[in-house]
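By convention in this document, chain letters (A, B, ...) are assigned in the order of the sequence lines, proteins followed by strands, and residues within each chain are numbered from 1. Bear in mind the structure is a predicted one, so any value in this text is a computation, not a measurement.
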2 protein chains.
Amino acid sequence: MKIGDLAKATATKVETVRYYERIALLSPPARTSANYRAYGSEHLARLSFIRRARDLGFTIEAVRELLTLSDDRSQSCQAVDNIARAHLTEVERKIGDLTALRSELDRVVGACRHGTVAECKIIETLAPR
Amino acid sequence: MKIGDLAKATATKVETVRYYERIALLSPPARTSANYRAYGSEHLARLSFIRRARDLGFTIEAVRELLTLSDDRSQSCQAVDNIARAHLTEVERKIGDLTALRSELDRVVGACRHGTVAECKIIETLAPR
DNA sequence: CTTGACCCTATAGTTACTACAGGGTGTAGA
DNA sequence: TCTACACCCTGTAGTAACTATAGGGTCAAG
């Protein structure tokens, strides 16, 4: 499997695959005589895992931890749970922030009377009194 | 007004003020004999505007446009309104994305039975079948 | 006269990629 | 056989919006 095939199979860009190798998230594969990367199914599984975790919004460092944890199948699930819960809390915080922001913006945009900038409520909201 | 005073007055870091000057969001102020930046009230007003817009999540480039627009008081408010509405749409999109993400994470975290990694539902969700 | 809090410039680091530049390889059609 | 084209390689720089560091200078109080 060449890098382009792996990339396609995981909906990843080729450059991103190479980037994951550079930051040691993905182990360097064997090379062909032409120095092309040759991937096997273990790489496909690993990259799929990475992409799903990234899609769920886990940071690269969190993914790195999850990968390490998932490699030791006999270990307790506690650490995995902690990472996921921490991430969930963070996502909830962001939703809260954005929801507050939306109210503000709704208010600001709703106040616009489409006159000149001098009487613009949006600019007024931003400008100091 | 020295840079530290301006920074304190606008809840901005000194480095950030210098950064805004470097990217020409804030005009270079006069200098004292010791080469210290000397700010006036117009700088304070400008930086306050910038900070409020940033707090509302506008990008630096959007802030730059808003500043330009707010300088021409006789112009129509339309362009301002467009920028704000575009931003509101973007915020709503992000809220949607994060809300979907939260459901996924809720499901995943809720499935954890706190056993070993081998039977961990979180890892199972991430690993390819 | 020295200590500490400030100020200066210039540069590099952060996150997670993405995009070149400048090359080499492999294969299908004319 | 030639050549076009899609792919592969390395290395470096760019993105957003700061933040942090190194290595200096200035100023007021004790």
Side-chain angles (χ1 to χ4, degrees), chain A residues 1-26 28-40 43 46-47 49-67 83 86-87 90-91 94 97-98 101, chain B residues 1-26 28-40 43 46-47 49-67 83 86-87 90-91 94 97-98 101:
Chain A
M1 215 184 188
K2 280 187 289 180
I3 195 169
D5 305 325
L6 179 67
K8 197 160 292 174
T10 55
T12 308
K13 298 210 170 155
V14 167
E15 289 88 351
T16 305
V17 178
R18 284 196 282 248
Y19 168 70
Y20 287 161
E21 180 181 327
R22 208 162 60 243
I23 65 171
L25 203 59
L26 211 52
R31 296 291 181 120
T32 68
S33 55
N35 200 30
Y36 287 11
R37 286 172 180 82
Y39 294 99
H43 285 104
R46 196 95 172 165
L47 184 52
F49 185 103
I50 293 169
R51 295 306 290 180
R52 280 188 220 184
R54 293 287 301 127
D55 282 350
L56 285 175
F58 287 97
T59 63
I60 293 277
E61 286 319 303
V63 174
R64 205 188 290 281
E65 285 186 67
L66 288 172
L67 280 169
I83 294 173
H87 181 44
E90 181 62 14
V91 168
K94 277 187 194 162
D97 285 358
L98 284 175
L101 199 57
Chain B
M1 215 184 187
K2 280 187 289 180
I3 196 170
D5 305 324
L6 179 68
K8 198 158 293 174
T10 55
T12 308
K13 298 207 169 156
V14 166
E15 289 88 352
T16 305
V17 178
R18 283 196 283 249
Y19 168 71
Y20 286 161
E21 180 181 327
R22 207 162 60 242
I23 64 171
L25 202 60
L26 211 51
R31 296 292 181 119
T32 68
S33 55
N35 199 32
Y36 286 12
R37 288 171 179 82
Y39 293 100
H43 284 104
R46 196 95 172 167
L47 184 51
F49 184 105
I50 293 169
R51 294 306 290 181
R52 279 187 220 185
R54 293 288 301 125
D55 281 350
L56 285 174
F58 287 97
T59 64
I60 292 278
E61 286 320 302
V63 175
R64 206 188 289 282
E65 285 186 66
L66 288 173
L67 280 170
I83 293 173
H87 182 43
E90 181 62 14
V91 167
K94 277 187 194 161
D97 285 359
L98 284 174
L101 200 58

Between B/R64 and B/E61, does the salt bridge (Lys or Arg N to Asp or Glu O under 4.0 Å) criterion hold? Intermediate values first, please. CA-CA 5 Å; B/R64 206 188 289 282; B/E61 286 320 302; 3.1 Å; yes
Can you figure out which of C/dT9, D/dC18, D/dT26 approaches the side chain of B/A34 most closely? D/dT26
Do you see a donor-acceptor pair shorter than 3.5 Å between the side chains of B/R46 and B/Y39? no
Under 4.0 Å between a side-chain N or O of A/T16 and OP1 or OP2 of C/dT18? yes
Presence of B/T32 side-chain N/O under 4.0 Å of C/dC7 phosphate oxygens OP1/OP2: no
Return no unless some side-chain N or O of B/R18 is found under 4.0 Å from OP1 or OP2 of C/dT9. no
Is the phosphate of D/dT10, meaning OP1 or OP2, less than 4.0 Å from a side-chain N or O of A/R31? yes
Can you find an N or O donor on one side and an acceptor on the other, under 3.5 Å apart, linking the side chain of A/Y36 with the base of C/dG26? no
Let's see if you can work this out: which of D/dA17, C/dA16, D/dC8 has an atom nearest to the side-chain heavy atoms of A/Y19? C/dA16
Return the value, rounded to whole Å, for the distance between atom CD1 of B/I60 and atom P of D/dT15. 14 Å
Counting only side-chain N and O atoms of A/R37, is one of them less than 4.0 Å from OP1 or OP2 of D/dT10? yes
Taking any heavy-atom pair under 4.0 Å as a contact, classify A/R54: base, sugar-phosphate, or nothing. sugar-phosphate
Counting any heavy atom closer than 4.0 Å, what does B/T59 reach on the DNA or RNA strands: base, sugar-phosphate only, or nothing? sugar-phosphate
Kindly point out which of D/dC27, C/dC8, C/dA16 is positioned nearest to the side chain of B/I3? C/dC8
Heavy-atom nearest nucleotide on DNA chain D taken for B/Y20 and for B/K2; more 5' hit belongs to B/Y20
